[in-house]
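Worksheet for the structure shown next.
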Number of protein chains: 2
Amino acid sequence: MNFNYYLPVNVIFGCGKVKEVGSITKTYGKKALIVTGKSSAKKSGLYDKVKDSLEMEGVESVLFDKVSQNPLTTTAMEGAEFAKEQGCDTVVAIGGGSIMDCAKAIAFLSVNDGDINDYIFNRKKSEKALPLILIPTTCGTGSEGNGFAVLTNPENGDKKSLRCNAIIAKASIVDPECMMTMPKKVLASVGFDALCHSMEAYTSKISQPFTDALALYAMELIADSLVDLYNGSTEVEKWEKITIASTIGGMVINQAGVTLAHGMEHPASGLKDIVHGQGLAALTPTIIEASYKGNEYKFGKISKILGGESAADCAEQVKALLGQIDLTVTLSELGLSEADIPWMAENCMKVSAASVANNPVVFTQEEIAEIYRKAM
Amino acid sequence: MNFNYYLPVNVIFGCGKVKEVGSITKTYGKKALIVTGKSSAKKSGLYDKVKDSLEMEGVESVLFDKVSQNPLTTTAMEGAEFAKEQGCDTVVAIGGGSIMDCAKAIAFLSVNDGDINDYIFNRKKSEKALPLILIPTTCGTGSEGNGFAVLTNPENGDKKSLRCNAIIAKASIVDPECMMTMPKKVLASVGFDALCHSMEAYTSKISQPFTDALALYAMELIADSLVDLYNGSTEVEKWEKITIASTIGGMVINQAGVTLAHGMEHPASGLKDIVHGQGLAALTPTIIEASYKGNEYKFGKISKILGGESAADCAEQVKALLGQIDLTVTLSELGLSEADIPWMAENCMKVSAASVANNPVVFTQEEIAEIYRKAM
């Protein structure tokens, strides 16, 4: 066995921790670009809280609030231009995965010239970026725990991640209170994304002891919290569990990668702008069914954590969980059709080559097309 | 729940990985101080292997081979003087915990002036040190996974650790092949130390989800390998398990600290230069017996991993394990006597205040004296 483990993530965890953003940020810069989505951080009052905390510690700030779901490479370029114009020396993100990922790309592009697609497809490399402070407001993406930024190229629909250590946050302020205002539907979708991160990292061909230990623990935390929270539990301990599990999910995929569910979801949401967690929900059971024989020991462990007995019923356990959080869905219901399959299968082999290779069973393009078909 | 998690450790793991030391070191420096013990790295051929690999990559080196068991603050100062004289810009350590810890202190003192005891007792702070490359040759201390360096002050017997992020290795080359030449007696003692790190971090009052996940996993790896290896197993997979578990043990104590067994062992070995793992073996069962009611859930988990049923039989399980690796020992057999108890109990409250406070049950100086007495 050979592996490398290096993940200099700095997690500051706890209810109410977001009020420390000013004192944390001032050690990295004097003028922050605050990156948010179009409205929710303003509506929830979180934007004001962050702005005030920065101001109190003498850190100036300007706002970039143009990021949408499935963020575009072009939005990141626009944000970086704005950061440069304004002389920002640090980036603070408030939001879910889309916003954190776009903020990472903005921090990167603010100090690196050229086309971002060259960096995404590893034709160029750089290990510098503006210092990043991330404040997740959804417990799913885990972007606060890794050096990935998933972006979509609007010219060709390619959805693929920029990956480098420079975009690992200098500090991730993980505050369970920031999650508590999420609509139920969002919780279901991001919570399932978090579960997928740990399931995929755990079963990945490049998994390793450090990621296995953390992924197993995170799956237990989710099994013990997601359905209860979806059903309206307000227990702080349950919110802490799902929140930590989400950050761990981000950390483990940094080392062990994702496998086929994420690999096949990216072409789908790159094409139709569907909600990531819903795309995963449509694909995951079918993929587990096709893959579990590649690692019966590990799929058996997952199944047991979810209440099942063995690898053979792992897909059923996942389906049951999806049923409990009203996330049972097909690709057709998400707006995809048979006609999209050839493009998706081909694009999957291109943008998700690593994820295809990490899957416990490695499928051909034809087999992947067949899995898309079954998930319709 | 509130916690911070930041551990920028860079683990390069695998059989034969030590041959990459040259290419790894050259990214940090041009002239390395190689730190070893008096003879074993030379005898085993590992010193030559490291020297040659550095040379091949154009990294000069000089040797400092004066480190003994329970390294002294004065030896670290001597090493730092030598590193400065020789113009070294990086430190490479080959050895067990004593050697890695001394190398960390040398790297620190090479760029920080003043008395090291001021840094150890937190009267002064610094976040700089020469870049460190660590090559562990025993699987116990876990020093390659953290920012601690335990040193003994020969003037007053104080054994306490220097702790800062600057002495976290830039790269830890963890090569199970480097462990395979350890004498059986050393394996027993360092393997038990590794187990103690995970048991203590797991039950520590400042444990957190990240350390819990890793500590549980590491205890399982040790339960599944230590006795077999002690009995002569040559299975590479078993060596990989104990080696990873040791590094994890070092990582988890970086965040969650140690508790009373380490806290009480330091005064004992500070006073009599006893083998650390033997000191732990003499103290741990008595301490668990006195502490398990402070966290029955967690001691129950440990007990189950070791083959037991509940917290109440955890101490018995540890005793049984110690019996299997011929490490059953008392403090009297290690050369300590009743007359030493008052000094040890008092010194424990001074040098191990944090470890005393982290224990699931917090004892007074009188109660600690009583535990020493029971372990005689």
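The structure presented is a predicted model; accordingly, all values stated were derived computationally and were not measured. Proteins get letters first, then strands, A, B, ... in listed order; numbering begins at 1 in each.
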Among the listed options B:Pro209, B:Ala171, B:Gly14, B:Cys15, the residue most often paired with chain A at heavy-atom distances under 4.5 Å: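 Of B:Pro209, B:Ala171, B:Gly14, B:Cys15, B:Pro209 has the most heavy-atom pairs under 4.5 Å with chain A.
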A:Ile244 portion near chain B, given a 4.5 angstrom heavy-atom threshold: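 Answer is side chain: those atoms of A:Ile244 sit under 4.5 Å from chain B.
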Between chain A and chain B, which donor-acceptor atom pairs come closer than 3.5 Å, counting both backbone and side-chain atoms?
{"unit_1": "B:Met1", "atom_1": "N", "unit_2": "A:Glu240", "atom_2": "OE2", "d": "2.9"}
{"unit_1": "B:Phe3", "atom_1": "N", "unit_2": "A:Phe13", "atom_2": "O", "d": "3.0"}
{"unit_1": "B:Phe3", "atom_1": "O", "unit_2": "A:Phe13", "atom_2": "N", "d": "2.8"}
{"unit_1": "B:Tyr5", "atom_1": "N", "unit_2": "A:Val11", "atom_2": "O", "d": "2.8"}
{"unit_1": "B:Tyr5", "atom_1": "O", "unit_2": "A:Val11", "atom_2": "N", "d": "2.8"}
{"unit_1": "B:Val11", "atom_1": "N", "unit_2": "A:Tyr5", "atom_2": "O", "d": "2.8"}
{"unit_1": "B:Val11", "atom_1": "O", "unit_2": "A:Tyr5", "atom_2": "N", "d": "2.8"}
{"unit_1": "B:Phe13", "atom_1": "N", "unit_2": "A:Phe3", "atom_2": "O", "d": "2.8"}
{"unit_1": "B:Phe13", "atom_1": "O", "unit_2": "A:Phe3", "atom_2": "N", "d": "3.0"}
{"unit_1": "B:Glu240", "atom_1": "OE2", "unit_2": "A:Met1", "atom_2": "N", "d": "2.9"}

Set of side-chain contact (heavy atoms from CB on, under 4.5 Å) partners for A:Ala245, sequence neighbours left out: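 A:Ala245: side-chain contact (heavy atoms from CB on, under 4.5 Å) contacts with A:Ala218, A:Leu221, A:Ile222.
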Between CZ on residue B:Phe210 and CD1 on residue A:Ile248, distance to nearest 0.5 Å: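 Those atoms lie 5.0 Å apart.
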Heavy atoms from other residues, nucleotides or ligands near CE of A:Met1 exceed 12 (cutoff 6.0 Å):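 Yes, enclosed.
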